[in-house]
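This report concerns only the one structure given below.
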Amino acid sequence: MLRSCTAGLRSIWALRGRREGAPRLSMDLQPARRLFSTEKVIHKDWALPNPSWSKDLKLLFDQFMKKCEDGSWERLPSYKRRSTQESEDFKTYFLDPKLVEEERLSQAQLFTRGFEDGLGFEYVIFKNNDEKRTVCLFQGGPYLQGVPGLLHGGAMATMIDIALGSCTGGAVMTANLNINFKRPVPLCSVVVINSQLDKLEGRKLFLSCNVRSVDEKTLYSEATGLFIKLDPEKSST
Ligand SMILES: CCCCCCCCCC(=O)SCCNC(=O)CCNC(=O)[C@H](O)C(C)(C)COP(=O)(O)OP(=O)(O)OC[C@H]1O[C@@H](n2cnc3c(N)ncnc32)[C@H](O)[C@@H]1OP(=O)(O)O
């Protein structure tokens, strides 16, 4: 059911993309809206195992779920789109309504969760609040290819951004992301992204992470990021 919903949306969007001068929001978008309002799709937590997860990913997932039992770690749920207080606050205080049409916004979903199971970003993030760090288990699927057989650097950068962002709280935006790609990541392999908050200075959060193979022998990437807590007094444009 979920698969057919996603496929349906893809074809609707593809159709709209090909048509020049399509009306801003017309009847032809209504089916998409109906599909999107499917409760299952909106409320499904995507940071849970599905049949596309490799043995490595499932094994690591189980290990971290065990660590969650004493409360020191927590698994962060992940939704395609869900209206949380945080996202509502963001829209209220920081999003200029002139920037995005309300209709478009109602179609929005998290970029990394827009692929069918196993084809794109499969990941789960675990957070240790006391230690201000997270561990992201990531399996990049075949649609994330760059150089043949290897994960696209932009896909890795996306996951690094998300992993670093998971160490922050509240309304923040990435101001700077600096990545050293040290070894190419084989497509469909599992990598572990260890992220931490290094320093908090006023509105500035300095973070860093490394990306390693499951056996920890290969260091694929290292990155630092600067995230800025948004100032409600300032516009985002
Ligand atoms: C569970 C779901 C998780 C989803 C996670 C998704 C993660 C995705 C995150 C993103 O991709 S965000 C999108 C990419 N980022 C952007 O589009 C941000 C564009 N930039 C901005 O909007 C503004 O530049 C920004 C909000 C980041 C900062 O603007 P402000 O006007 O609020 O800050 P301001 O310019 O006053 O700077 C505040 C401090 O930060 C410093 N700063 C700002 N930008 C900097 C920069 N780029 N490099 C170094 N320092 C910087 C600045 O010097 C200053 O330092 P001091 O307080 O010490 O004076």
Side-chain angles (χ1 to χ4, degrees), residues 36 41-48 50 61 64 68 73-100 104-115 120-129 132-140 144 152-180 191-211 221-237:
F36 253 133
V41 176
I42 295 171
H43 295 293
K44 179 177 168 180
D45 180 356
W46 295 83
L48 287 168
N50 68 53
F61 176 84
F64 273 91
C68 292
W73 288 82
E74 62 169 320
R75 182 186 66 85
L76 302 182
S78 176
Y79 305 96
K80 275 185 196 284
R81 63 189 193 106
R82 205 179 71 156
S83 188
T84 59
Q85 191 54 48
E86 215 168 79
S87 59
E88 288 309 308
D89 286 350
F90 186 91
K91 281 190 262 178
T92 306
Y93 294 112
F94 305 111
L95 193 66
D96 183 341
K98 291 196 292 291
L99 281 182
V100 193
R104 289 289 180 203
L105 210 53
S106 71
Q107 295 176 301
Q109 60 172 315
L110 189 61
F111 160 46
T112 46
R113 294 300 184 189
F115 295 82
F121 299 87
E122 292 294 337
Y123 64 97
V124 53
I125 298 175
F126 292 91
K127 186 168 194 176
N128 186 316
N129 283 307
K132 295 182 173 53
R133 68 188 183 101
T134 62
V135 173
C136 172
L137 314 175
F138 167 46
Q139 174 182 299
L144 305 184
H152 194 290
M156 195 67 251
T158 297
M159 279 315 302
I160 286 173
D161 194 18
I162 286 195
L164 291 176
S166 68
C167 283
T168 67
V172 296
M173 282 189 96
T174 318
N176 181 278
L177 198 54
N178 195 313
I179 303 174
N180 287 316
V191 300
V192 180
I193 309 173
N194 273 284
S195 309
Q196 63 188 47
L197 175 65
D198 294 325
K199 193 171 58 166
L200 181 61
E201 204 178 273
R203 293 168 51 218
K204 294 185 284 188
L205 293 97
F206 295 87
L207 299 121
S208 62
C209 75
N210 60 62
V211 184
S221 302
E222 286 178 314
T224 57
L226 170 66
F227 285 64
I228 308 287
K229 278 189 195 167
L230 297 182
D231 180 349
E233 300 299 311
K234 289 184 173 181
S235 155
S236 60
T237 51

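Just follow the structure's listing: the first ligand is 1, and inside any ligand the first atom is 1.
- Not one N or O on the side chain of Arg113 forms a donor-acceptor pair closer than 3.5 Å with the backbone of Tyr79.
- Scanning Leu226, Thr168, Leu177 for the heavy atom closest to atom 51 (C) of ligand 1 points to Leu226.
- Using a 4.0 angstrom heavy-atom cutoff, Thr174 counts as in contact with ligand 1.
- Atom numbering of ligand 1 starts at 1 in the shown order; those under 4.0 Å from a heavy atom of Ile228 are 27 (C), 40 (O), 42 (N), 43 (C).
- In this structure, Phe126 and Phe64 have parallel ring planes: the angle between them is below the 30° cut-off, well short of the 60° mark.
- At a 4.0 Å cut-off, at least one heavy atom of Ala175 sits close enough to ligand 1 to count as contact.
- By the 30° and 60° cut-offs, the orientation of the rings of Phe138 relative to Phe121 is parallel.
- Nearest residue to atom 11 (O) of ligand 1 from Leu205, Asp161, Asp231 is Asp161 (criterion: closest heavy atom).
- For ligand 1, the atoms sitting less than 4.0 Å from at least one non-hydrogen atom of Leu230 are 26 (C), numbered in the order shown with element in parentheses.
- The two residues Lys80 and Phe115 make their nearest non-hydrogen contact at NZ-O, 4.4 Å.
- At a heavy-atom distance under 4.0 Å, no atom of Glu201 approaches ligand 1.
- No donor-acceptor distance shorter than 3.5 angstrom exists from the side chain of Arg75 to the backbone of Val124, with no hydrogens or angles considered.
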